[in-house]
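Here the structure is a predicted model, which means the values were calculated and not measured. Index from 1, following the sequence.
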Amino acid sequence: MPTKHTGLVTFQGGPLTLVGNEVKVGDKAPNFKIANGLAEFAELSDYADQTVVLSVVPSLDTGVCNAQSRRFNEIAGELGDAAVVLTVSMDLPPAQGRWAEEAEAENLTCLSDYRDHSFGLSYGVRINELGILARSVWVVKDGTVVYKQIVPETVDEPDYDAAVAAVRGA
């Protein structure tokens, strides 16, 4: 049975429960296998030789998630080869593809955790009450989590500068 964590995130002030493993800075980053399109999969291990920014959003069809993903697309362009940016959500791959096309998001990759919630449970960010992922940002370098932010209020944006600093310092 997955672990449940309360008191970490809210939605418009109302408390939510996160389900899954607690991952801390300094921990080995859990691998995951999630959808990269309808018939393909991606794993963290696919990016083992790169610094990885995991930008996690509840749904690309909301204003804050759209803003976060567009900002990380810009950041990915600025970082160049210093890091790969993966946007992870529960959105179905066709919806992610549509968003990426409309946003002209050419610097990041959208991955979907819709099949078995491998990412959400491995990183402890699946929201029990809503069945979506909690807004969070993770930086993984050499297989280790070097930065983590689970955004306390789901409708707030993450600290972009801190994530970029973690990449540059990683």
Side-chain angles (χ1 to χ4, degrees), residues 18 20-21 23 25 27-62 64-127 132-151 154 157-170:
L18 298 183
N21 301 320
V23 178
V25 171
D27 287 352
K28 179 175 174 32
N31 198 30
F32 52 80
K33 184 175 183 178
I34 59 179
N36 183 8
L38 287 174
E40 296 180 27
F41 293 91
E43 299 182 48
L44 181 61
S45 59
D46 295 340
Y47 306 94
D49 60 339
Q50 298 172 287
T51 297
V52 178
V53 176
L54 299 166
S55 170
V56 183
V57 297
S59 175
L60 290 165
D61 286 330
T62 64
V64 178
C65 298
N66 177 48
Q68 176 179 333
S69 300
R70 285 176 183 263
R71 181 64 187 119
F72 271 111
N73 183 59
E74 292 171 7
I75 289 168
E78 294 164 6
L79 291 172
D81 293 338
V84 60
V85 175
L86 307 176
T87 292
V88 181
S89 73
M90 295 290 271
D91 296 300
L92 294 174
Q96 290 180 332
R98 184 177 57 252
W99 174 86
E101 186 176 319
E102 290 172 3
E104 299 179 5
E106 298 175 355
N107 300 316
L108 56 77
T109 299
C110 291
L111 300 175
S112 177
D113 197 26
Y114 83 98
R115 287 185 184 247
D116 64 3
H117 316 294
S118 169
F119 179 86
L121 294 173
S122 294
Y123 284 75
V125 293
R126 184 173 184 279
I127 299 175
I132 57 177
L133 302 174
R135 185 176 318 285
S136 54
V137 179
W138 309 77
V139 177
V140 177
K141 173 70 173 172
D142 296 325
T144 301
V145 175
V146 297
Y147 175 80
K148 165 189 171 181
Q149 180 192 18
I150 297 177
V151 180
T154 304
E157 291 183 59
D159 185 340
Y160 303 109
D161 293 337
V164 170
V167 169
R168 294 204 165 120

(message) Any heavy-atom pair between the side chains of Phe32 and Pro30 that's under 4.5 Å?
(response) no
(request) Please name all residues satisfying salt bridge (charged side-chain N to carboxylate O under 4.0 Å, His left out) with Arg115, sequence neighbours left out, ordered by chain then number. (result) none
(request) Could you tell me which residues satisfy side chain to side chain donor-acceptor pair (under 3.5 Å) with Thr87, sequence neighbours excluded, listed by chain and number? (result) none
(message) Under the rule for side-chain contact (heavy atoms from CB on, under 4.5 Å), what residues qualify as partners of Ala83, not counting sequence neighbours?
(response) Thr51, Val53, Leu79, Val167
(message) I'd like to know whether Leu18 forms a side chain to side chain contact (heavy atoms under 4.5 Å, CB included) with Ile127, so could you lay out the CA-CA distance, the side-chain angles of the two residues, the decisive distance to 0.1 Å, and finally the verdict.
(response) CA-CA 5 Å; Leu18 298 183; Ile127 299 175; 3.8 Å; yes
(request) Quick one: list whatever passes side-chain contact (heavy atoms from CB on, under 4.5 Å) with Asp142, sequence neighbours left out. (result) none
(message) Taking side-chain contact (heavy atoms from CB on, under 4.5 Å) as the definition, give me every residue that meets it alongside Asn21, ordered by chain and number, with sequence neighbours left out.
(response) none
(request) Sequence neighbours left out, what pairs pass ring pair (Phe, Tyr, Trp, His ring centres under 6.0 Å) with at least one residue falling in residues 68-93? (result) Phe72-Tyr160
(request) Could you pull out the closest heavy-atom pair between Pro58 and Ser89, with the gap in Å? (result) O-CB, 4.4 Å
(request) Sequence neighbours left out, what passes salt bridge (charged side-chain N to carboxylate O under 4.0 Å, His left out) with Glu157? Give chain and number order. (result) none
(request) Of all the heavy-atom pairs spanning Val23 and Lys148, show the shortest one and how long it is. (result) O-NZ, 2.6 Å
(request) Hey, could you give me each pair passing salt bridge (charged side-chain N to carboxylate O under 4.0 Å, His left out) that has a residue in residues 64-90? Not counting sequence neighbours. (result) Arg71-Glu74, Arg71-Glu78
(request) Return the set of residues passing side chain to side chain donor-acceptor pair (under 3.5 Å) with Arg135 (not counting sequence neighbours), or none when no residue passes. (result) Gln68
(request) Report the distance from atom CZ of Arg98 to atom CG of Asp61, rounding to the nearest 0.5 Å. (result) 6.0 Å
Side-chain donor-acceptor pairs under 3.5 Å in residues 103-113, sequence neighbours left out?
| residue | atom | partner | partner atom | Å |
| --- | --- | --- | --- | --- |
| Asn107 | ND2 | Asn73 | O | 3.2 |
| Ser112 | OG | Asp91 | O | 2.5 |
| Ser112 | OG | Tyr114 | N | 3.3 |
| Asp113 | OD1 | Ser118 | N | 2.9 |
| Asp113 | OD1 | Phe119 | N | 3.0 |
| Asp113 | OD2 | Phe119 | N | 3.4 |
| Asp113 | OD2 | Gly120 | N | 2.8 |

Report all side-chain donor-acceptor pairs from residues 38-49 shorter than 3.5 Å, counting only partners two or more places apart or in another chain.
| residue | atom | partner | partner atom | Å |
| --- | --- | --- | --- | --- |
| Glu43 | OE1 | Asn31 | ND2 | 2.9 |
| Asp46 | OD2 | Glu43 | N | 2.9 |

(message) So which atom in Ile150 and which in Ser136 form the shortest heavy-atom distance, rounded to 0.1 Å?
(response) CA-CB, 3.9 Å
(request) Please tell me if the side chains of Tyr123 and Val56 come closer than 4.5 Å, counting only heavy atoms from C-beta onward. (result) no
(message) Can you tell me how far apart CD1 (Ile132) and CE (Met90) are? Round to the nearest 0.5 Å.
(response) 8.5 Å
(message) Quick check: do Thr144 and Asp27 have side-chain heavy atoms less than 4.5 Å from each other?
(response) no
(request) Give every residue pair that meets the ring pair (Phe, Tyr, Trp, His ring centres under 6.0 Å) criterion with at least one member in residues 82-107, sequence neighbours excluded. (result) none
